[in-house]
Amino acid sequence: MISMSSVGPGHGVRYLFRGVMVGDGHRRAGTPLLAAQDEAGVPPGVWKGGGLAALGLAAGDVVSQRQAELLLGEGRHPDADRIERELLAQGKSPAQARRATVLGRPIEHNRSPKTDKAKERTPWLAFDLVFRPPPTAHLAWALMDDEHRRVLELCQDTARDKTLAWLEESVAQIRWKAGGKQRARVRDGLVVAVFRHYESRAAESKPLLHDHAVVSIRARRPHDGKWGNVSADSLMAHIVAADTLYLLYFMEEVSARLGWSWEPREVTPGRRPVMEIAGIDRRLIGWQSTRRQQIEDALPVLTARYEEKQGHAPGERASYVLACQAADQTRSPKRTELLSLTELRKQWRVSAIRAFGACTVYRLAERARAAAAAVWARVRPVVDTVLAAVDVVAVVYVMRGAFKRHHLLAEARRHLSYVQRGRPHQPGLDEQIVQTVIDDYTRPAGKRMMTADLRALYPRDTEDQAVLRPLTRNRTAPPYERARLAADALKLRAQAVRRADRLGSRPRPHPVAVPTASRPHPRPLRTGRKAGRLLDQETGVDTVEQTRRTLEAVAAALQDGIRERAVTHGPRPRPAPATAQPPHTQQPGQHTPGRNPTGGVR
């Protein structure tokens with residue numbers, strides 16, 4: 001998963017330099033950065049992102065102490081010292097030399113008493129994005145051999161870098177003018193410092209492979225190349241979509257490189273399941289997740305207070321806020337003992353073997369491969385775009401009511417991770433599912449919002465829309481449980497309609513074009529009695545459909561009559577051989593097959 005927090009002047013910068021950059025260990029005052037990282041047993045940070053070239057940096061370069069202080073701590077050029085020396089040698093004043101090294105607006109401007117109220121807030125200098133793979137991946141990385149450890153770290157690197165690339169190409173925006181009214185895509189990309197950690201911050205060390213990607217807020221405008229600030233709200237709005245994309249990439253990398261598969265695991269009844277590596281003993285998750293247990297113990301108290309104050313159970317957003325509060329309340333001080341990764345892995349193995357036995361620990365890879373073979377044989381990675389779109393819109397509609405595109409994108413990626421189980425997905429398939437939802441199953445619901453178009457989901461029987469009412473209004477069941485019930489009901493409905501159309505297809509008097517593929521523009525908001533179906537010039541669809549049903553009923557009645565008469569009169573007699581009778585004659589009591597004595601059709 002991915003979590004996001006801000007880095008500002010003061011406490012935020014101190015936490016970055018004393019904790020994040022040295023593996024959440026304890027950095028003594030005056031200790032150089034590389035020495036502190038070496039003592040903590042974590043690798044040095046490296047630079048990432050497409051915006052490095054504008055600063056004279058390259059991807060993979062080591063993050064030095066001074067570079068981090070200037071760029072992430074002051075919002076200045078990472079090579080500001082050299083630039084200042086050159087400008088001072090040219091006769092510039094110290095103030096002019098310093099101003100030339102500032103990227104965008106100086107942070108001192110926001111603290112000036114002359115600024116208006118809109119700019120008196122504490123400025124942000126960076127965003128801290130934490131990339132954490134699923135718990136079973138932590139276990140496999142910590143307890144297996146070095147070869148599996150290196151492969152899993154490579155999977156983490158690839159999934160993280162691909163997600164960061166999507167953020168800077170499709171999400172990141174730079175803002176300028178009052179209130180950030182003008183926005184556009186960043187010119188080059190983002191500037192990111194990545195720091196790898198190996199353990200959790202619990203008092204008893206537990207494996208937790210994760211990366212801190214510290215994204216600088218400074219970026220260049222596309223039209224003039226000047227430096228400005230990255231929009232924080234655009235990143236925060238798409239953080240869940242980035243989280244699901246990161247998980248999708250990580251699953252695919254693990255399955256491609258190690259041959260393992262994935263399966264859903266329900267952590268909290270009625271809530272979204274999480275994807276875990278198939279075959280990993282789930283008892284180990286409880287051994288590894290001591291921090292999670294501390295949060296779960298504190299969460300019921302906060303939930304009870306919320307229900308008492310608000311009068312109802314917390315929704316998805318409120319539950320996330322309560323979980324963050326529980327995490328802050330149970331946060332323990334960091335461990336002061338420094339151990340290398342090799343020492344930590346030996347310690348973790350001894351602890352796991354003592355708790356569950358050597359057979360459980362040393363056969364993890366073998367059991368993961370056996371479980372993967374069973375999953376591959378049972379689950380077919382078939383993605384039906386139409387059914388996937390119905391599933392996505394149903395879940396998001398029940399969970400949120402009104403939603404935006406990034407909500408659909410996050411749910412589409414969850415759907416792909418569940419269906420594919422680690423197999424690679426077609427590039428752009430998530431966007432294709434979202435576009436199908438927007439084009440075929442949504443309608444506007446206010447400014448920049450949309451909601452599900454129930455008439456499009458039920459194109460023939462509008463009375464059946466009532467199936468969603470108890471699911472959307474029932475507050476006793478968890479939201480995700482109601483969402484899954486609605487999605488399953490709508491998918492069965494779509495499959496039934498598709499099957500009926502396939503089995504009952506007949507030649508029609510004239511071609512009738514009913515749009516089934518995605519339209520290039522979103523469905524407009526329609527009001528009125530007959531707004532359930534959008535027809536352009538073909539207005540006789542209902543008439544043709546009713547005629548087809550009538551003809552089928554008449555044909556069925558004729559067939560039933562023929563069967564009844566056959567049972568009543570018995571089998572028809574065979575005609576006599578041609579040699580036994582002269583031409584154009586027949587025996588008394590016989591008649592031509594297919595004709596009755598009066599000449600009618602039998």
Side-chain angles (χ1 to χ4, degrees), residues 241 244-245 247-248 251-252 261-264 272-273 275 375-401 403 405-443 450-462 464-468 471-472 479-505 514-520 522-523 532-534:
T244 52
L245 181 63
L247 176 62
L248 189 61
M251 292 171 56
E252 292 177 358
S261 182
W262 299 77
E263 60 183 0
R272 295 181 187 276
M275 301 302 295
V375 172
W376 299 143
R378 183 179 73 252
V379 180
R380 295 180 58 197
V382 178
V383 180
D384 189 316
T385 305
V386 175
L387 294 182
V390 172
D391 183 273
V392 168
V393 71
V395 173
V396 177
Y397 171 67
V398 176
M399 295 287 289
R400 306 190 66 90
F403 44 84
R405 182 185 179 91
H406 57 82
H407 299 126
L408 298 173
L409 188 59
E411 191 60 38
R413 290 167 176 171
R414 289 191 188 101
H415 179 86
L416 290 177
S417 64
Y418 178 78
V419 174
Q420 298 294 94
R421 303 295 179 93
R423 295 183 177 93
H425 71 284
Q426 179 183 354
L429 184 57
D430 50 352
E431 297 282 355
Q432 182 180 350
I433 294 173
V434 171
Q435 195 61 45
T436 302
V437 172
I438 294 176
D439 290 345
D440 294 343
Y441 302 119
T442 60
R443 60 179 178 84
M450 66 185 90
T451 189
D453 188 352
L454 301 184
R455 293 184 179 91
L457 293 171
Y458 289 96
R460 293 178 182 171
D461 301 327
T462 56
D464 289 346
Q465 296 173 15
V467 71
L468 291 181
L471 298 177
T472 56
Y480 185 72
E481 182 178 340
R482 292 185 277 118
R484 287 307 326 158
L485 291 173
D488 293 340
L490 290 176
K491 288 171 64 177
L492 291 175
R493 173 66 181 174
Q495 290 174 338
V497 171
R498 180 185 295 179
R499 185 164 52 252
D501 290 341
R502 184 175 65 252
L503 298 178
S505 60
V514 179
T516 56
S518 300
R519 293 182 294 276
R523 177 184 296 272
R533 199 172 178 91
L534 181 62

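A quick note: this is a predicted structure, and the numbers were derived from the prediction, not measured. Heads up: numbering here begins at 1 and tracks the sequence.
Taken from CE in Met399 to NE2 in His407, the straight-line distance is 10.5 Å, to the nearest 0.5 Å. Taking CG of Leu490 as the start and CG of Leu454 as the end, the distance is 8.0 Å to the nearest 0.5 Å. Separating the CG atom in Leu409 from the CG atom in Leu245 is a distance of 8.0 Å, to the nearest 0.5 Å. Atom CD1 of Ile433 is separated from atom CD1 of Ile438 by 12.5 Å, given to the nearest 0.5 angstrom. Atoms CG and CD, from Leu416 and Gln426 in turn, are 10.0 Å apart once rounded to the nearest 0.5 Å. Note that the CD atom of Gln435 and the CG atom of Leu408 stand 10.0 Å from one another [nearest 0.5 Å].
In this structure, the side chains of Glu431 and Arg405 come closer than 4.5 Å at one or more pairs of heavy atoms. A 4.5 Å side-chain heavy-atom check between Arg400 and Glu411 finds every atom pair outside the cut-off. Put simply, the side chain of His425 reaches to within 4.5 Å of the side chain of Leu248, judged on heavy atoms. Residues Arg272 and Val395 are in side-chain contact: their nearest non-hydrogen atoms beyond the backbone lie under 4.5 Å apart. For the pair Trp376 and Arg421, the minimum side-chain heavy-atom distance is below 4.5 Å. Using a 4.5 Å heavy-atom cutoff, the side chains of Val392 and Val434 are not in contact. At a threshold of 4.5 Å between non-hydrogen side-chain atoms, the residues Pro264 and Tyr418 count as touching.
Summarising the geometry of Phe403 relative to Tyr397, their closest heavy-atom pair is CE2-CA, 4.1 Å, with the distance given to 0.1 Å. Of all the heavy atoms in Tyr441 and Ala389, the pair that sits closest is CE1-CB, 4.0 Å.
No salt bridge links Arg414 with Asp430; every basic N to acidic carboxylate O contact stays at or beyond 4.0 Å.
Of the possible donor and acceptor atoms, one in the side chain of Thr451 sits under 3.5 Å from a partner among the backbone N and O of Gly401.
Exactly one of Glu252, Gln420, Met275 qualifies for a side chain to side chain contact (heavy atoms under 4.5 Å, CB included) with Trp262. That residue is Met275.
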